[in-house]
Amino acid sequence: MLKDFIRSSRAKSPWIIHFDCGSCNGCDIETLACLTPLYDVERFGIVNVGNPKHADVLLVTGTVNHRNKHVLKNLYDQMPSPKAVVAIGACGLTGGVFREAYNVLGGVDKVLPVDVYVPGCPPKPEAIIDGVVLALKKFAEKQQAAG
Amino acid sequence: MTSILLGILALILAPLAGGLIAGLDRRVTARVQSRFGPPILQPFYDVAKLFGKEPRMGNVWQIFCAYIYLLGAAVSVFLFFAGADLLLLFFVQAIGAVFLVFGALARPSPYSQIGAQRELMQILTYEPLLILVFVGLAKATGSFKVAAIWSHPEPLLLQLPLLYLVLTTALTIKLRKSPFDFSTSHHGHQEIVKGVLTEYSGPYLGLIELAHWYEVVLVLGICALFWSTSLVGLLVLLAVTYAAEIFVDNTMARLTWRWMLGSALLAGLALSFLNLVWLYLA
Amino acid sequence: MENTLLFVLIFLPFAAAGLCWLVPSGAVRRGVVLVTAALLAAASLGLFGRGAFAATPESLLGLPLNGLITLADFALLLVILGIGLKRKNRWITILTLLQLVPLAIFELTLPEHGPIAPALVIDGLSLIMILVISIVGSLICVFALPYMEAHEQHLHLRSSRQGRFFFFLVLFLGAMNGLVAANNILWAYFFWELTTLCSFALIGHDGGEEATANAVRALVMNLFGGVALVCGIIFLYGAAKTLSIQDVVQAGSLGTMAFVAFALIALAGFTKAAQLPFQSWLLGAMVAPTPVSALLHSSTMVKAGVYIVLRFAPAFAGSAFADCLAVAGGFTFCVATGLALGQSNGKRILAYSTIGNLGLIMACAGIGTPAALAAGMLFIVFHAVSKGLLFLCVGAIEQTIGSRDIEDMRGLYDRMPRTAVITVIGIVTMLLPPFGVLMAKWMAIEAAADNLPVVVLIAMGSALGVVVWGRWAGILMSSSRTKKAWPEAQPALLRWPLAVLAGGAVVLSFLLPAVYASLVAPMLKGPIAGSAGSLASGLAAYLIYPLFLVLAAGFLYAVIAARQARAAVDTVYLAGAQAGPPESPAFTGPMDQPVVVSAGNYYLPSIFGEERLTFPLNVIAVALIIIMAGGALI
Ligand code: SF4
């Protein structure tokens, strides 16, 4: 019973950490908008934490470049599993308009296993919330697959 | 015997009460910010999730400290409801508080190191204030024992109004609410990525949250001593106090520890002194 | 039997000290010190449980003892006078003459020259002191054996000066035992001056400018206390017409003259216990080898200061003078702990903390209720064990890492796991329940509840103490190690005193109710009543033992749970920008160069800085002493 409670609690308490990889700040503003009274993601138990050790879901905005790819990797490694990654915006997905720049590696999935891609330039807050909820569903599936 | 049973009952019920209070707190805070807020049971989901996460540790000592923090908090709640000596249970609580600092200092992370120093500054502020509150309670009732204070025939708030103010200051620090949430903070608030909690994660963070619930119940219990004569009075006092805490939390900016030492501690000492002088003269 | 034990406790150290001085062989010295330590400890334990008794040894080796002590007294003062003349130090000379002349006149005009019956009295307070001196003190002497070897190697001395060192070290124990056993106040005075001389010799042992200057300062301040004591004795005799301490304490109301005497004796106690404004001699005493500091701070010297005040406390309990004494003690407790907060030098922190804790005992003596006196006595015991332990720890650490700064002890666990853990145990027994020091502090606060200024000062000092100790213990264990740390190698004579004291601090706290019932309670007249009502039951076995056991069970569970935690080892959070191996965390800096992480404690120099505070605090302390003297005249 306790195990069930813990399992069901996971989906009800996704603490997110938001990492701005190399965004133009458009996506960041939309992401933070989710926390405002208008969208109020805390309804779903979502809390924006600042420390990967406390987080369950990693939200990444912006392109990955050679300088910050280590940081991104480090943050992901310091999150205790189970965890999920959501890539946000055209840049996070593929590198977006910066894709061809000399220092850009591309999207988040060049470095990390991404669970959910939220497209848009920038995506609407509703889409971002949707992405996080979808990530939780995937994460439940992963749990089940793992037994 | 009954007192021991009461203590054991409190040991079991306190985390439930603490979690519910935290849930209510988040809900009310959200309403104050014209948001909807999480379910009342959200804190329980959070802690359950933390216990389900992969355990990770810096070193054995750090984990040990988390357990001792929980131990100190739980035993002090037990002693309180068993009607023991206020100062003794406060010092038992201090075991937990000090080991939380040890736990934060256990890792060379600059964030948790700063958090630990700030936590010590908070202890430096609330400890003398609480001791003076207890002295006031003992002076007014003739005993340091919770049981005896509890059965005092008149509401103590009337005799110790200033000391109650001092107690609420200490309460704000203990609850980690603005303006005194700089060693670590709550929920959405982030303070140098959570100060003393920086290096804890998963189940060990869960342990600390659990211990925090015990502490919340303990401080609210101490508040309850100020109106122990009627249940209604007690509940009203607690509700008003907590509502005031939430109001302050939402309207105040975070202060620096220097400011806290310079004003909260000095003002608290002055207020306690005034109230005690009055008590000694009366 | 009792006389034999007393003989061993007081006279044997004199004989052993003489041997150490005369026989230059290291092996003999080692044997003598070990045997003396064992005998002292055994004899003190032998006295334990015999209850209070009095003894009047008439003669020693056929010589009349009373005359012998009088002679020795003058000889001692002449030796000190000689030191003053040789060093051309005006202060030493004047202060010694100020003792010599009144004492000579007093002795000459003293009507009854016969022995004061009884000359020695052992009661709970003396026994507590004897146990502390003979067990903790002896352990420190044992620790000193390997320590001094290493110390002299370090200094590259051509000829060993250890004979002189151990002469004074062992003599110190005998002098202390004599002081606390004496009932004839003139005997007490002799032993009192002897401890002054021993401390002077030991502080200046290493020679050099600083050591000599500090030793002279210690001598001058303690001679000042000696003058106060001589005057106190003369006034006391004038008021009570007796030299027996017990008679004075039991005499009841004695009038103003006696209170002047008490004020002078308290002043003497203040100098010896290094209370503000006399703290500088104890701070200066740190230049001596560590065993000396350990001895001065924990079991001898400073404890003599609080002993003499506690001894007379029942005679002035409840007076205006006593209230002033309590405030002065509380003041010292609060501000000395505050000064400790501003320090990063480990020995200085310990020194200020000693001064503060002695202030707390002075405050207990001033409050004077049975509960307060009980708290004071328990404090002496538990403080001696924990403080002795901590000094030895700092000594052992300093010999290994070459620094006594606590910032340099950051992460000591990685290098010296065994010493680090023992230091943490020492700190925790100073700071947290259910250990004795805290329990005594708890009693003191409850006893002080009726005295508003004192309780405010103690509450503040107690909180400052949490910061001082908490951060020190915390950083010792700060570790970034990923593999298991191996216990460091240490000579057995260095390791065992540490282990015994650490174990003793824990076990003794567990035995607190027994210590209380067998040593403290019989000293106190009447039941512990009044605001301390909760105390009698609070200290009862049925409360202490379960609390201890519950905490111990939780502690064990935590140890096991933490050890068995199947947790992946985590790296430190550095905003994701970490570089380098996990053992030495660093940020990735400009040009991809690592920027090593560093952290430091808050010492708040702008609030607690020694340079800023010492002068104004000394002024306040002097004012408090003057008020105290005024209180005696009321
Ligand atoms: S996706 Fe668009 S809004 Fe988002 S970071 Fe890239 S350019 Fe900016």
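Note that the coordinates shown come from a computational prediction; the quantities given were computed from them, not determined experimentally. The sequence lines fix the lettering, A, B, ..., with proteins before strands; numbering per chain opens at 1.
- Between F382(C) and F435(C), the ring centre distance reaches or exceeds 6.0 Å.
- Close placement of the Y602(C) and W257(B) rings is indicated, their centers lying within 6.0 Å of each other.
- Contact of L279(B) with chain C is not made at all, since no heavy-atom distance falls under 4.5 Å.
- Only the side chain of L71(B) comes within contact range of chain C, with heavy atoms under 4.5 Å apart.
- Contacts between L129(B) and chain C at a heavy-atom distance below 4.5 Å are absent for every atom of the residue.
- Looking at L70(B), there are no atoms closer than 4.5 Å to chain C (heavy atoms on both sides), in backbone or side chain.
- Panel note: side chain S112(B), backbone V196(B); no donor-acceptor pair is recorded below 3.5 Å.
- If you measure heavy-atom distances from V135(B) to chain C, the contacts under 4.5 Å come from the side chain alone.
- Contacts of L105(B) with chain C are made by both backbone and side-chain atoms, with heavy-atom separations under 4.5 Å.
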Test side chain to side chain donor-acceptor pair (under 3.5 Å) on Q159(B) and Y164(B) and set out the steps. CA-CA 10 Å; Q159(B) 263 181 295; Y164(B) 192 75; over 6 Å; no
Assess the residue pair E209(B) and Y204(B) against the criterion (side chain to side chain donor-acceptor pair (under 3.5 Å)); give the C-alpha distance rounded to whole Å, side-chain angles, the decisive distance to 0.1 Å, and a yes or no. CA-CA 9 Å; E209(B) 192 60 26; Y204(B) 307 117; over 6 Å; no
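- Of the atoms belonging to L431(C), it is side-chain heavy atoms, and not backbone ones, that fall under 4.5 Å from chain B.
- Using a 4.5 Å cut-off between heavy atoms, F91(B) contacts chain C through both its backbone and its side chain.
- Only the side chain of F99(B) comes within contact range of chain C, with at least one heavy atom under 4.5 Å from a heavy atom of that chain.
- When each of V456(C), L604(C), I560(C), N601(C) is checked for heavy-atom pairs under 4.5 Å with chain B, N601(C) comes out on top.
- Contact of Y111(B) with chain C is made through the side chain alone, with heavy-atom distances under 4.5 Å.
- E119(B) does not touch chain C: none of its heavy atoms, backbone or side chain, sits under 4.5 Å away.
- Contacts between F78(B) and chain C at a heavy-atom distance below 4.5 Å are absent for every atom of the residue.
- No other option in P585(C), A575(C), A599(C), P433(C) has as many heavy-atom pairs under 4.5 Å with chain B as P433(C).
- Under a cut-off of 6.0 angstrom, the local environment of CZ in F587(C) is crowded, with over 12 non-hydrogen atoms contributed by other residues, nucleotides or ligands.
- Heavy-atom distances place both the backbone and the side chain of V60(B) under 4.5 Å from chain C.
- Heavy atoms closer than 4.5 Å to chain C are found in both the backbone and the side chain of Q117(B).
- Looking at K139(B) and D450(C), a side-chain N of the basic residue comes within less than 4.0 Å of a carboxylate O on the acidic one, giving a salt bridge.
- Counting heavy-atom pairs closer than 4.5 Å to chain B, the top-ranked of the candidates L452(C), I607(C), L464(C), L432(C) is L452(C).
- The closest side-chain heavy-atom distance from T169(B) to Y126(B) is not below 4.5 Å.
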